[in-house]
Amino acid sequence: MTTEIASTTLGSLDLSRAPLALGGNVFGWTADRDASFAVLDAFVDGGGEMIDTADAYSAWVPGHSGGESETVIGEWLASRGGRDRVLIATKVSQHPEFSGLSGDNVAAAARASLGRLQADHIDLYYAHFDDESTPLEETAAAFSQLIDEGLVREMALSNYTPARIDAWLAIAEREGLHRPVALQPHYNLVEREFEGGLRDAAERHGLGVLPYWALAKGFLTGKYRDGATVDSPRAAGASEYLDDRGRRVLAALDSVATAHGVGVASVALAWLREQPTVVAPIASARSVEQLEPLLAAMTLDLSADEIAALTEASA
């Protein structure tokens with residue numbers, strides 16, 4: 001049976017005032033401490049509420065060990081005293097010291113994240129990637145226990161297949177465990193594979209969707225165009241979208257952005273926000289300047305014709 005969900009809620013978490021999650025992958029990496037603090041301050045001052053990170057950010061960087069993003073966010077929270085003004089989402093399974101989703105690892109990783117975040121609870125805690133070497137019953141029970149202990153408010157899944165989502169929810173129902181309330185998939189205007197079985201699973205189980213790479217590694221900001229050179233660690237990945245289809249998408253975005261007097265990124269995020277099951281896109285910013293179009297997307301309303309034109313351009 002399909003469970004209807006409010007378009008802006010994730011269990012007890014309400015994003016109705018701020019349907020956007022600020023991606024924390026850049027904090028402590030391409031945004032240093034001062035730049036990260038400036039972005040976080042501007043995000044909250046601009047009405048934002050949810051900050052999305054993971055314990056593994058940014059272990060892929062030479063000299064980093066994981067937890068850098070959480071540490072910066074924790075230092076910001078401690079210096080601003082604003083824990084009650086934001087919702088913190090983080091993830092487990094990929095940290096080099098806390099790999100996988102065994103029950104003991106989930107519990108230990110959550111406490112390590114709380115230490116770095118300098119917080120007493122996590123608002124939304126994700127299983128970052130599936131761990132098929134651990135019985136799903138064990139993982140589901142570990143997450144549920146964290147809620148019982150008051151360390152986590154709500155639980156969620158990221159990068160799971162429809163079959164494994166079904167299995168987790170069946171276990172939760174059978175064992176009387178807390179249920180996941182959210183799903184974080186790869187989804188944006190030029191990456192639309194989510195619109196098949198994964199979206200069906202989200203609808204089936206009432207999971208609110210928070211898409212990552214909502215701006216396609218920066219391509220949907222509009223700065224990656226023919227003849228343009230962009231200094232960014234993501235430039236190679238974003239440039240892969242610059243084909244005939246990508247150019248059609250940019251042209252459609254340009255048209256809508258001009259009509260509303262906003263940036264291309266604002267339009268791309270607003271389109272995503274209007275898709276079935278989506279509660280809030282996730283997007284990151286290395287600077288306050290990059291943040292401005294993200295904040296604008298929270299209140300940008302597109303017409304049905306504009307949404308249809310963008311959808312057709314990306315088909």
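Residue numbers count from 1 along this sequence.
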Visitor: Using a 6.0 Å cut-off, check whether atom CG of D200 has over 12 heavy atoms from anything other than its own residue.
Guide: yes

Visitor: For N159 and H128, indicate whether the former's side chain and the latter's backbone hold a donor-acceptor pair under 3.5 Å.
Guide: yes

Visitor: Could you list all the salt bridge (Lys or Arg N to Asp or Glu O under 4.0 Å) pairs where at least one residue sits in residues 114-123, not counting sequence neighbours?
Guide: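 Only E70-R116, R83-D123, D123-R153 qualify under salt bridge (Lys or Arg N to Asp or Glu O under 4.0 Å).
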
Visitor: Considering only heavy atoms from C-beta outward, does the side chain of L169 approach that of P180 to under 4.5 Å?
Guide: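 Yes; the side chains approach each other to less than 4.5 Å.
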
Visitor: Hey, are D301 and R273 close enough for a salt bridge, meaning a charged N less than 4.0 Å from a carboxylate O?
Guide: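 Yes, this pair counts.
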
Visitor: Counting N and O atoms only, with roles assigned by atom type, does the side chain of D52 sit under 3.5 Å from a partner on the main chain of A21, one being a donor and the other an acceptor?
Guide: no

Visitor: Hey, are S16 and D14 close enough side-chain-wise for a donor-acceptor pair under 3.5 Å?
Guide: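 The criterion, which ignores hydrogens and geometry beyond distance, is satisfied for S16 and D14.
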
Visitor: Would you say the side chains of Y187 and E195 form a donor-acceptor pair under 3.5 Å?
Guide: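 Yes.
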
Visitor: Once you measure the plane-to-plane angle for H186 and W213, does it fall in the parallel (<30°), tilted (30-60°) or perpendicular (>60°) bin?
Guide: perpendicular

Visitor: Does the gap between the ring centers of F143 and Y125 come in under 6.0 Å?
Guide: yes

Visitor: With a 4.5 Å cut-off on side-chain heavy atoms, are V86 and I88 touching?
Guide: yes

Visitor: Please state whether the rings of W60 and W29 are parallel, tilted or perpendicular, taking 30° and 60° as the class boundaries.
Guide: perpendicular

Visitor: Would you give the length of the straight line joining atom CG of L250 to atom OG of S314, rounded to the nearest 0.5 angstrom?
Guide: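 So the CG of L250 and the OG of S314 are separated by 11.5 Å.
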
Visitor: Measure the shortest side-chain to side-chain distance between V209 and E203 over non-hydrogen atoms and say whether it is less than 4.5 angstrom.
Guide: no

Visitor: Quick one: does S93's side chain have a donor or acceptor within less than 3.5 Å of a partner on L101's backbone?
Guide: no

Visitor: Under 4.5 Å between any side-chain heavy atoms of V39 and V26, yes or no?
Guide: no

Visitor: Side chains of W76 and V44: does their closest heavy-atom pair fall under 4.5 Å?
Guide: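 With C-beta onward as the side chain, the pair touches.
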
